[in-house]
Colleague: 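Please find one structure pasted underneath; my questions will follow.
Side chains included, hydrogens not; waters and symmetry mates left out as well; all remaining heavy atoms used. Below, chain A is the first sequence line, B the second, and so on; all start at residue 1.
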Amino acid sequence: MGNESFSAGREVLKPPVTQVGVVGWLRKNLFNNWYNSLLTLLVLYGLWATVPPLINWAFIDSLWDSSSAACRDIDGACWSIIPQNISFILFGFFPHGEQWRPITAIILLLSLVFYSKNKKHWKRSLAVYWLVGLIVMGVLMRGGIFGMELVETAQWSGLPLTLMLSLFGMVCAYPLGIVLALGRRSRLPAIKSLCVVYIELIRGVPLISLLFMSSVMFPLFLPEGMTIDKILRAQVALILFTAAYIAEVVRGGLQAIPKGQYEAADSLGLNYGKSMRFIILPQALKIVIPPSVGILIGAFKDTSLVVIIALYDVLKTTQVTLSNPKWMGFSTEAYIFLAMLYFICCLGMSSYSRKLEKELHTGR
Amino acid sequence: MSEPKTENAGKPIIEIVDMHKWYGEFHVLSDINLAVKPQERIVICGPSGSGKSTMIRCINRLEEHQKGRIIVDGVELTKDIKNIEKVRAEVGMVFQHFNLFPHLTILDNLTLGPIWVRKTPKKEAEETAMMYLEKVHIAEQAKKFPGQLSGGQQQRVAIARSLCMSPKVMLFDEPTSALDPEMIKEVLDVMIDLAQEGMTMLVVTHEMGFAKSVADRVMFMDEGQIVEQNKPHDFFDNPQHERTKLFLSQIL
């Protein structure tokens with residue numbers, strides 16, 4: 001009934017070379033018709049025209065740690081601008097001899113961050129470690145005790161400032177955003193309108209204008225002689241700004257939870273707070289990890305806007321380095337370095353988010 | 001589960017008096033009068049859109065009524081949130097689409113209510129939960145997640161979850177309508193066991209076999225009103241109203 005094997009006398013041939021293997025792939029994907037072939041040739045030409053000169057400029061003709069005078073003599077990249085100015089780019093106006101303090105603070109911060117990545121460590125003790133760590137970092141940066149020279153907050157600059165603004169920005173904005181999202185969905189008209197007005201107002205203005213307002217306008221409203229630290233004002237502006245965006249993303253997550261989940265929680269007798277804490281928020285926040293991380297990555301990069309209010313984050317210190325006549329004209333190299341710095345941090349955040357998503361999907 | 005006190009044996013555990021409900025302009029429930037005695041089993045049937053689910057959802061305030069009174073175990077349902085939460089702890093509900101919490105294990109699904117509403121210590125809550133899981137023949141799945149279980153298994157877990165709160169009344173909103181036929185029996189068997197142990201039950205269902213074997217009263221609803229109610233024998237053999245007769249002819 002058709003079950004006889006017909007392969008008994010069949011000659012087994014190899015497929016023709018032009019159909020399989022590398023040659024086959026090239027034919028199928030790059031040269032399968034006339035316009036794809038044309039495009040492939042154009043792209044190959046483009047690569048040939050740009051890549052070798054780029055490699056030449058970046059790696060072969062370049063100098064990696066020389067004086068600025070030597071740099072002017074070559075055609076290649078002057079990466080020396082980085083090592084020669086590294087302590088200013090990274091630490092800004094922090095007194096040169098005391099720079100071990102911000103270095104230690106950053107190492108402490110990164111260790112805490114890496115420790116927190118592991119879900120097994122998410123216990124009460126983690127909060128204690130963070131609290132202690134933050135106090136130690138504050139003491140290291142400020143000094144004034146244990147024989148360390150006092151360094152006012154106005155001199156905190158460079159990488160520690162960028163990291164501080166972004167970390168506190170993210171950590172404070174996220175819970176505030178959740179509260180705003182819950183408030184916007186509230187049935188009480190006062191709370192709902194308050195949250196809507198806040199979110200729409202903040203989302204309607206650029207971050208730069210908020211920073212300007214915090215830096216220029218806000219002090220005008222304070223009583224005579226009272227000042228609030230400039231970094232603190234910028235920090236608050238960043239937190240308020242990020243929270244509005246987080247709120248909308250979390251609200252989307254809350255809307256995505258099926259009504260049955262709210263009803264099941266209600267029918268068990270769980271009150272609002274408990275059903276949010278145990279049932280709704282864990283599911284909603286998990287769903288919106290991708291857009292939330294996107295907003296937080298944006299917040300990290302937005303710290304660079306504080307250049308506008310003369311706070312010396314790592315972008316501004318780089319710009320100051322470039323305004324030095326010795327190093328003027330090497331802005332490409334400096335900004336590429338800066339871009340790499342931001343890229344590494346942002347890549348770290350997004351790969352962590354992927355890892356977190358994968359972990360949290362176990363069991364679903 | 002409650003034991004009927006002899007002096008209160010006649011006092012209804014659920015009383016609905018002249019209840020009306022509107023969705024905006026639409027009059028979805030009218031003139032509902034119902035008294036449920038402890039340990040009574042009531043099956044509610046009717047065409048879709050008749051308001052049967054809406055009515056039982058009013059009993060645990062998942063829906064609000066605009067007129068009339070609903071009194072559950074002596075507590076009247078009003079806008080007072082404390083009363084509502086008190087009632088909800090005493091009234092268990094089983095949903096058509098199970099509504100298990102997907103991010104928690106089966107065991108956690110069951111212990112959440114007792115731990116955080118009844119303030120039961122964790123160990124005791126877990127023991128009770130395992131006891132109920134065994135009762136519904138699903139104890140070996142305790143550490144799994146809802147997504148890993150079949151529909152029939154999930155519904156049995158949902159029943160166990162409500163039972164862990166030791167409710168006085170159990171409401172069932174079309175518990176088997178979303179199940180494949182071969183799984184309906186396992187869930188109905190659990191419900192029959194429950195009925196035989198004396199639980200007060202209100203069941204919205206199309207499973208007339210269940211109604212015939214277990215119900216004390218069968219109620220027919222249509223267009224937001226209770227049209228007819230009777231003992232199963234009389235209800236199925238001798239329907240009084242035309243609408244009831246029409247409905248029964250369609251489903252039997």
Side-chain angles (χ1 to χ4, degrees), chain A residues 119-120 122-124 178 181-183 185-192 249-250 252-290 292 353 355-364, chain B residues 53 56-57 59-64 79 81-106 108-119 143-149 157-158 161-167 169-173 178:
Chain A
K119 234 181 137 219
K120 291 197 195 67
W122 289 8
K123 300 195 282 261
R124 250 182 218 180
I178 294 176
L182 291 174
R185 278 171 61 92
S186 165
R187 293 209 293 195
L188 303 168
I191 295 183
K192 184 174 175 174
V249 156
V250 169
L254 291 170
Q255 281 171 192
I257 304 295
K259 193 154 168 256
Q261 292 291 300
Y262 291 93
E263 290 179 350
D266 284 343
S267 72
L268 284 176
L270 290 165
N271 64 17
Y272 180 80
K274 294 195 179 105
S275 47
M276 281 300 150
R277 178 178 157 197
F278 295 111
I279 311 297
I280 308 297
L281 281 177
Q283 295 182 65
L285 294 180
K286 190 157 88 170
I287 294 178
V288 299
I289 287 178
S292 307
S353 125
K355 172 167 167 282
L356 193 64
E357 275 192 273
K358 221 157 78 163
E359 260 180 27
L360 292 175
H361 273 133
T362 41
R364 277 207 74 155
Chain B
S53 293
I56 67 166
R57 283 156 64 95
I59 296 176
N60 69 351
R61 199 72 174 187
L62 288 182
E63 304 282 353
E64 279 177 25
K79 293 214 190 304
I81 191 78
K82 285 271 174 283
N83 279 352
I84 295 176
E85 281 167 17
K86 231 191 283 183
V87 166
R88 282 177 176 168
E90 299 298 335
V91 174
M93 183 144 192
V94 176
F95 299 88
Q96 184 176 356
H97 295 288
F98 334 133
N99 290 338
L100 293 179
F101 306 130
H103 61 298
L104 299 174
T105 59
I106 301 300
D108 288 336
N109 261 278
L110 266 68
T111 55
L112 189 74
I115 291 178
W116 294 102
V117 180
R118 296 244 188 255
K119 313 267 193 289
K143 290 296 184 185
K144 289 209 180 139
F145 288 88
Q148 297 169 290
L149 268 56
V157 169
R161 179 176 67 174
S162 301
L163 290 174
C164 280
M165 292 291 287
S166 308
V169 179
M170 286 282 282
L171 304 174
F172 292 83
D173 188 359

Colleague: What's the spacing between A:Ser275 OG and B:Trp116 CH2 if we round to 0.5 Å?
Modeller: 13.0 Å

Colleague: Side chain, backbone, both or neither: which part of B:Val117 has a non-hydrogen atom closer than 4.5 Å to chain A?
Modeller: side chain

Colleague: Report which part of B:Phe95 has an atom under 4.5 Å of a heavy atom belonging to chain A: side chain, backbone, both, or neither.
Modeller: side chain

Colleague: Heavy-atom pairs under 4.5 Å with chain A are the metric here; pick the option from B:His97, B:Lys144, B:Arg161, B:Met93 that has the most.
Modeller: B:Arg161

Colleague: Is it the case that atom NZ in A:Lys192 sees more than 12 heavy atoms from other parts of the structure closer than 6.0 Å?
Modeller: no

Colleague: Taking every heavy-atom pair that is under 4.5 Å apart, which of B:Glu85, B:Arg88, B:Lys86 has the most such pairs with chain A?
Modeller: B:Arg88

Colleague: So, the side chain of B:His103 versus the backbone of A:Phe278: is there a donor-acceptor pair under 3.5 Å, distance only?
Modeller: yes

Colleague: Among B:Leu112, B:Ile81, B:Asn60, which residue forms the greatest number of heavy-atom pairs with chain A at distances under 4.5 Å?
Modeller: B:Leu112

Colleague: Determine all donor-acceptor pairs shorter than 3.5 Å in which one atom belongs to a side chain in residues 259-269 of chain A; sequence neighbours excluded.
Modeller:
{"residue": "A:Lys259", "atom": "NZ", "partner": "A:Glu263", "partner atom": "OE2", "Å": "3.4"}
{"residue": "A:Gln261", "atom": "OE1", "partner": "A:Gln283", "partner atom": "NE2", "Å": "2.8"}
{"residue": "A:Gln261", "atom": "NE2", "partner": "B:Leu100", "partner atom": "O", "Å": "2.9"}
{"residue": "A:Tyr262", "atom": "OH", "partner": "A:Arg185", "partner atom": "NH2", "Å": "3.1"}
{"residue": "A:Tyr262", "atom": "OH", "partner": "A:Leu254", "partner atom": "O", "Å": "3.0"}
{"residue": "A:Glu263", "atom": "OE1", "partner": "B:Arg57", "partner atom": "NH1", "Å": "3.1"}
{"residue": "A:Glu263", "atom": "OE2", "partner": "B:Arg57", "partner atom": "NH1", "Å": "3.4"}
{"residue": "A:Glu263", "atom": "OE2", "partner": "B:Arg57", "partner atom": "NH2", "Å": "2.6"}
{"residue": "A:Ser267", "atom": "OG", "partner": "A:Glu263", "partner atom": "O", "Å": "3.4"}
{"residue": "A:Ser267", "atom": "OG", "partner": "A:Ala264", "partner atom": "O", "Å": "3.0"}

